[in-house]
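This is a predicted model, so every value here is computed, not measured. First the proteins, then the strands, lettered A, B, ... as listed; each starts at 1. Below, each value reflects all heavy atoms present in this structure, side chains not excepted, and no hydrogens, waters or symmetry copies.
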Amino acid sequence: MELKFDPKDPKYEYIQDLKALDKALEELEKCRAIGVDVEATGLDAFNDILLTVQIGSPEKSYIIDVRDIDLKSCPRYKELLENPKVIKILQNGKFDYKYLKYQTGADITNIYDTMLAEGVLTAGLGSGYFSLEDMAMRYCDVQLNKSVRKQFENVANIKTKRFNKEQLVYAALDTLVLFPILDEQLLKLKKENLVNIAKLEFAATKVVAEMEYRGIRIDVEKWRGIIEDLKKKRDVHATNFYDTIRDFYQSNRIDLFGAKVPPININSQVQIMDLFNNRLHLGIPSTGDAILAMVQHPVAAMLRDYRKYEKLISAFGESLLEKVNKKTGRLHPEFNQMGAATGRFSCENPNLQQIPRISEEVPFRQCFIPAPGFKLVTADYSSMEMRILADLSGDEKFIKALKDGLDVHSYTASLMFGLEFSKDFKNKYPDKRQAAKTINFGLVYGMGPRSLAAQIGVTPEEGKEYMDRYFQLYPSIRSFLNKMAKDAVRNGWSQTPAGRKRWYKLPDPDDPDYKKKIGSIERQAKNHPIQGTNADATKYALVFLHDRVKKEGVEGGLTHTVHDEIVMEIRNDQAEDWSKIQCEEMCRAAELFLKKVPVAADVFIGDVWEH
DNA sequence: AGAGGTGGTG
DNA sequence: CATGCACCACCTCT
């Protein structure tokens with residue numbers, strides 16, 4: 001590839017005064033697209049220090065030292081970055097977005113994100129994270145020197161120390177390589193018909209950046225109260241456990257203060273296996289909860305009780321509170337747009353998508369609260385995956401049930417077990433409904449008769465019978481799922497109606513695990529269009545909602561999303577009206593793909609996160 | 001440092 | 001032959 005810069009000696013300008021900045025901006029304003037990158041002392045846009053902002057044309061990079069120049073008092077800079085007509089090319093743009101918003105006062109628009117583009121082009125094959133170093137090497141044979149980035153992190157005398165040539169070259173290349181990478185990616189995106197999905201991801205990345213920036217408030221005292229309560233309960237179960245097993249161990253050690261020392265580490269899977277198999281002779285294959293539930297010995301129950309509390313304390317305890325940002329006093333979880341191969345978001349630091357559902361004992365979700373004067377508006381799609389399955393398979397019975405507003409699990413059960421359908425089916429035949437629900441969901445995951453039988457507690461033969469009966473009821477569902485599986489194995493990829501692709505590493509025919517691997521791909525491919533369409537709809541909804549907030553002049557914004565649920569923080573007096581708009585926009589997004597079945601979303605307005 | 005086990009969510 | 005999808009956090013053990 002012909003590069004417009006020399007990787008050994010790139011053209012750049014180190015900008016340290018307003019006059020030079022003005023001249024640079026004049027050049028940059030002529031560009032249709034500019035490359036943007038920042039260097040900072042760390043990853044936290046609120047607490048770490050922004051050092052440089054690099055803005056580049058395809059040929060030249062301008063490195064603005066923000067210790068010398070206050071970009072907040074430079075409207076021309078802000079106008080450039082906020083100009084919707086200029087494409088801003090970034091690598092993992094939401095990282096830079098937050099720095100630029102907080103420390104330079106600019107909200108970038110019209111982002112092309114090289115990392116997201118790569119994610120869209122290789123979904124299912126990689127981790128979802130692609131470093132600029134890898135891409136620069138792969139696409140344009142340019143070696144970026146990673147170790148130089150470290151130098152930015154430990155700048156002693158941060159106020160005064162100037163950058164060396166090596167650092168400046170590195171900073172310059174970071175914007176220059178973006179252009180050839182974009183050129184190559186664009187060819188591939190067009191070839192794979194992924195332009196629309198890439199556009200969706202690019203539109204979403206600004207929205208996600210704003211969502212991360214806003215974050216969410218947490219009631220720390222209430223959270224601590226729950227944890228303390230859980231710790232007390234956990235300790236009771238731990239003591240019971242230790243007292244019961246102590247006789248099976250030789251040493252009854254006493255510590256310096258006369259307290260009994262636990263004979264084993266209760267958290268050690270290895271030591272628990274030793275206890276159950278070598279000392280209690282119970283012969284368990286693993287220590288998972290499903291196994292322990294079947295073990296008659298009282299120690300098993302004690303361990304299960306202990307684990308229930310220990311899990312909550314370790315995963316959601318003090319460690320989550322440590323993530324409260326010092327500057328904002330709020331949690332700012334990170335949402336990875338390509339976190340799942342299906343197109344779903346993943347979430348980390350902390351993962352708000354795995355906070356336990358609300359219960360008497362563990363009301364964790366009630367600790368998530370809006371700012372004073374605001375409400376949390378929580379809306380989730382109703383039976384979204386069932387609706388998608390109905391729509392994509394085109395199954396007439398299933399579609400009619402949804403059109404008639406029936407509970408699909410009850411309806412399925414009534415057909416499968418020859419029972420009369422009624423409004424109170426759920427109460428009359430809860431077991432039958434649960435069995436049908438297991439099948440409905442299991443199929444979306446490509447489940448087989450054996451695990452179905454295990455789940456609903458019948459023999460494998462009966463499990464097979466249930467599945468046969470189910471598919472006789474809904475013949476189009478069987479043919480749809482089979483087609484998805486077959487196409488994926490033939491093509492090496494599967495696709496959602498929105499055009500999102502997921503690739504598969506097809507095994508070598510000589511692979512000893514060939515059938516196992518093909519089976520796995522088939523199950524993933526059956527699930528992909530369903531889970532993926534849900535993700536596509538939610539992403540469109542996020543973009544719609546963000547635009548609508550601006551259009552309506554509503555004060556507030558997005559706080560987080562959990563796959564089929566979107567939570568927003570909206571000013572008290574506007575929350576009621578907004579809740580209707582939020583449902584409307586979510587439905588409008590889903591209706592882009594679902595034409596045969598109605599879409600519905602339920603909404604809640606509250607002073608806590610609940611639904 | 002990374003793998004494996006366990007368990008929380010949709 | 002094996003046989004339910006998609007994640008992340010925490011723990012122990014190597």
With a non-hydrogen cut-off below 4.0 angstrom, is [X] in contact with a base, only sugar-phosphate, or nothing?
X        : answer
A:Asp511 : nothing
A:Glu348 : sugar-phosphate
A:Asp513 : nothing
A:Asn534 : nothing
A:Val444 : nothing
A:Gln271 : sugar-phosphate
A:Gly519 : nothing
A:Arg450 : base
A:Leu452 : nothing
A:Ser520 : nothing
A:Ala535 : nothing
A:Arg502 : sugar-phosphate

Considering only heavy atoms and no angle criterion, is a donor-acceptor pair shorter than 3.5 Å present between the side chain of [X] and the base of [N]?
X        : N      : result
A:Arg344 : B:dG10 : yes
A:Gln269 : B:dG5  : no
A:Gln353 : C:dC7  : no
A:Lys311 : B:dG8  : no

Would you please say whether a donor-acceptor pair under 3.5 Å links the side chains of A:Asp235 and A:Tyr309? no
Can you check whether A:Phe398 and A:Tyr474 have ring centres sitting under 6.0 Å from each other?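 Ring-ring flag for A:Phe398/A:Tyr474: true, centres closer than 6.0 Å.
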How far does the P atom of C:dC1 sit from the matching atom of B:dG7, given to the nearest Å? 29 Å
Do A:Arg588's NZ or CZ and the ring of A:Phe544 fall within the cation-pi criteria of under 6.0 Å and 45°? yes
Whole-Å gap separating [atom2] ([N]) and [atom1] ([X]):
X        : N      : atom1 : atom2 : result
A:Met273 : B:dG4  : CE    : P     : 16 Å
A:Glu310 : B:dG5  : CD    : C1'   : 14 Å
A:Ile355 : C:dC10 : CD1   : C1'   : 14 Å

How long is the gap from CD on A:Gln337 to CG on A:Asp113, to the nearest 0.5 Å?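 Output value for this atom pair is 7.5 Å.
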Carboxylate-amine/guanidinium contact A:Glu310 A:Arg234, below 4.0 Å: yes
